[in-house]
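Proteins get letters first, then strands, A, B, ... in listed order; numbering begins at 1 in each.
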2 protein chains.
Amino acid sequence: MNAKKISLKDIASKAGVSTALVSYVLNGKEKESRVGHEIAKKIKEIARELNYQPNHLAKSLRSGKTHTIGLVIADISNPFFANIARVVEDEAKKSGYTVIIGSSDEKAEKAWDLLNVLINRQVDGFIIVSSEHSESHIHYLKERNIPFVLLDRHFPDLQTDFVATNNYKASYDAGVHLINGGYERIGIIAYRSDMYHMQERVRGYQQALKDHKFVFKNNWLKEVRFENIEQEVKTAIDEMTSTEDKVDAIIFATYGLAINGLKYINELKLRVPDDLAIVSFGQAEVFDLYYCPITYLKQPLELLGKTSVEFLLAKLKNPDEGMKQILMEAKLIARDSSMAKTSSPVT
Amino acid sequence: MNAKKISLKDIASKAGVSTALVSYVLNGKEKESRVGHEIAKKIKEIARELNYQPNHLAKSLRSGKTHTIGLVIADISNPFFANIARVVEDEAKKSGYTVIIGSSDEKAEKAWDLLNVLINRQVDGFIIVSSEHSESHIHYLKERNIPFVLLDRHFPDLQTDFVATNNYKASYDAGVHLINGGYERIGIIAYRSDMYHMQERVRGYQQALKDHKFVFKNNWLKEVRFENIEQEVKTAIDEMTSTEDKVDAIIFATYGLAINGLKYINELKLRVPDDLAIVSFGQAEVFDLYYCPITYLKQPLELLGKTSVEFLLAKLKNPDEGMKQILMEAKLIARDSSMAKTSSPVT
DNA sequence: TTTTTTTGTTTAATCGATTAAACTTATATT
DNA sequence: AATATAAGTTTAATCGATTAAACAAAAAAA
């Protein structure tokens, strides 16, 4: 009944040879180790017959390689990360790697715990979506010589491999797109964060205004705290839409901000895009299905995920591999939520 | 620079004792093994000093326990599964377990591959969202005595632990809700599948009609193939809305079906709920943000996930634990998409 | 025929942690 | 003083696979 695990030893004794031979044969080293032709065949047969499955733990203990990579993200229940995770999983599997995913909730402390759990589990390397204040983690990994690739976010002052989006450019494009559509009082809602990717999103937006001779008003930039997103997004929108400078367009710097913002905009019965035009980072079904489909900045998820795996595996194969950094372009997908004002010139 | 791994042996030699003592002390067995008080203290100190982290592989190889569980789902990029995964991850972590997630894409073959990869990685047990035609997997796990719990879906003819939703009841509720709202020609779009959970969703709907003396028309039940969902949902809706029996309400049996359906309904410029009322299984931001918020059957995600982990861990602790099966209730969240017809009695 | 080379196979150490059993001392009992 | 018990520590086997090194037997070269 209880078909227990088959080990090399079982095969060896059944074939009447030592475990060494079995190991050689089953690892395709019969040539180098000149195993007898007959006996090799027999071993293979028995292995198949008993449905032998090698014990990864033993293999890993010996080799020091687990063929496992740790993927640290903010939250697997966020569609952006869920999609990335899926790509990473598939890509890793192609090379025989298994992925262990952990959610940090954007908290450095959780991320640190995760990192340590996974290090103890002997993952071969990491793909990390960093959270704020986690520079020390990076230093630690470097010191310990643990291979890793930063994904989606990076620290400009740290020398690391990374695969990310050109957020400055994306945000700049969003700004220009709205300006070209005739919008004149464009605001942005971002997270209050020191993270570079967030700063870049704000900077791109501001540069777009500046390049088009728009005077940026402080009231147009709202930075909300992740921990209190729902309330603060509401306040932000209230403030942006109530003064005499009230905005006619908002850029949401993340998917989560957009969801909260749109809900509140619905509550306020503001019409998109007539009362308020919208452009958002992220991508999800909800942007398609909103009554007025939402213009968004589509990040190359697939490519981001694939490339990060590729970089990491290259590094695992050859630890002396040079540093690799890539910024990819997001694509602005124009929809009705940022439709050009009819009274304005369109480009 | 390259701070290499600290092992028991390193501590032992630094303390001038054997590894046995170190192991005893670090596992809190100094009492049973009557380790000297002095030496115990010294060992602990050195361990802390060197920041000793035990090697999980070695531990696992010896103990046969990896403290890892495999979570097999259809697709991590589907929000339903992503949310479940998050709950499972958090719950498992509380007990020191790590989760490895794999996506099967509803394909038995992929699920089988996954299962085997994870078995080779020596996971202690599985939480599985089954796909069609995977009964044999269940038999295999039982034969091999590998602990597992089925989540969200189960096979009524197989004796297994499971944690799932009462789909019959949920669907019945949806039907009754629409009937009470005055809808008279209610259709359902489901997957063409032998899976019990899907059958139950159809059955509940049909029973609701029957109990209210509605005559069920074949044209009101559409079963589409997962592989060709986009096209077939369109066809289904076309057929349901074009004949003389055309439906005035549709129940979508899954989130994915609803997304595709709503997109097409938008294309057709059908108004919800005036032209077509909607109730859907699943839950996601998009249901809130649709111009007419969608009535949905809210499954107790949190509880499903938690309970499945609980069941599995109980079984891991005590393999002779009796079989556990739970059906949980989904809750119908009524929104505008199924608003009662004004000309009809409301309940 | 003797020596060398080739071919085929086994032995044993290793990865790192655990733990039953063996082994010393020291202390208690008779 | 002789013996039993307790206290403290080490030895060595084990988990399963890998692989360098040792070994034995057969074939080739001298």
Electrostatic pair [X]-[Y], nearest N-O below 4.0 angstrom:
{"X": "B:Glu91", "Y": "B:Lys94", "answer": "yes"}
{"X": "B:Lys107", "Y": "B:Glu132", "answer": "no"}
{"X": "A:Arg86", "Y": "B:Asp105", "answer": "yes"}

Nearest whole Å is fine: how far is [N] [atom2] from [X] [atom1]?
{"X": "A:Leu21", "N": "C:dT11", "atom1": "CG", "atom2": "C1'", "result": "12 Å"}
{"X": "A:Glu38", "N": "C:dT7", "atom1": "CD", "atom2": "C1'", "result": "15 Å"}
{"X": "A:Glu30", "N": "C:dT9", "atom1": "CD", "atom2": "C1'", "result": "15 Å"}
{"X": "B:Leu26", "N": "C:dT19", "atom1": "CG", "atom2": "P", "result": "13 Å"}
{"X": "B:His37", "N": "C:dA26", "atom1": "NE2", "atom2": "P", "result": "21 Å"}
{"X": "A:Lys65", "N": "D:dT19", "atom1": "NZ", "atom2": "C1'", "result": "17 Å"}
{"X": "B:Arg34", "N": "C:dT27", "atom1": "CZ", "atom2": "P", "result": "15 Å"}

Every protein N/O lying under 3.5 Å from an N/O of nucleotides 15-17 of chain D:
{"residue": "D:dG16", "atom": "N2", "partner": "A:Ala58", "partner atom": "O", "Å": "3.2"}
{"residue": "D:dA17", "atom": "OP1", "partner": "A:Tyr52", "partner atom": "OH", "Å": "2.5"}
{"residue": "D:dA17", "atom": "OP1", "partner": "A:Asn55", "partner atom": "N", "Å": "3.2"}
{"residue": "D:dA17", "atom": "OP2", "partner": "A:Leu8", "partner atom": "N", "Å": "2.4"}

Exercise for the section: If the plane angle is over 60° it's perpendicular, under 30° parallel, otherwise tilted; pick one for A:His154 and A:Phe162. Expected result: parallel
Handout entry: Difference in axis direction between the ends of the helix from C:dT1-D:dA30 to C:dT30-D:dA1, five pairs, 10°
Key =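 The end-segment axes of the helix from C:dT1-D:dA30 to C:dT30-D:dA1 are tilted 70° relative to each other.
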Problem - CD-CD1 distance between A:Glu143 and A:Ile138, expressed to the nearest 0.5 angstrom - result: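 Answer rounded to 0.5 Å: 12.5 Å.
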Practice task
Scan A:Val17 against the nucleic acid and name what it touches under 4.0 Å (heavy atoms): base, sugar-phosphate only, or nothing.
Solution key: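 Touches sugar-phosphate only.
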Practice task
Determine the contact category for B:Ser60: base if any of its heavy atoms lies under 4.0 Å from a base atom, sugar-phosphate if only primed atoms, P, OP1 or OP2 are that close, otherwise nothing.
Solution key: nothing
Handout entry: Distance-only side-chain donor-acceptor flag, A:Gln122 / A:Ser60, under 3.5 Å
Key =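 No, because no side-chain N or O of A:Gln122 sits under 3.5 Å from a partner of the opposite role on A:Ser60.
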Exercise for the section: Assess the side chains of A:Thr66 and B:Arg121: does a donor N or O sit below 3.5 Å from an acceptor N or O? Expected result: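 Side chains of A:Thr66 and B:Arg121: no pair found under 3.5 Å.
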Exercise for the section: Could you tell me whether A:Lys29 sits above the aromatic face of A:Tyr24, with NZ or CZ closer than 6.0 angstrom to the six-membered ring centre and within 45 degrees of the axis? Expected result: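 Ring-cation test returns no.
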Exercise for the section: Start with the C-alpha distance between A:Glu45 and A:Arg48, add both sets of side-chain angles, then the distance that settles salt bridge (charged side-chain N to carboxylate O under 4.0 Å, His left out), and finish with yes or no. Expected result: CA-CA 5 Å; A:Glu45 228 151 60; A:Arg48 187 158 347 103; 5.4 Å; no
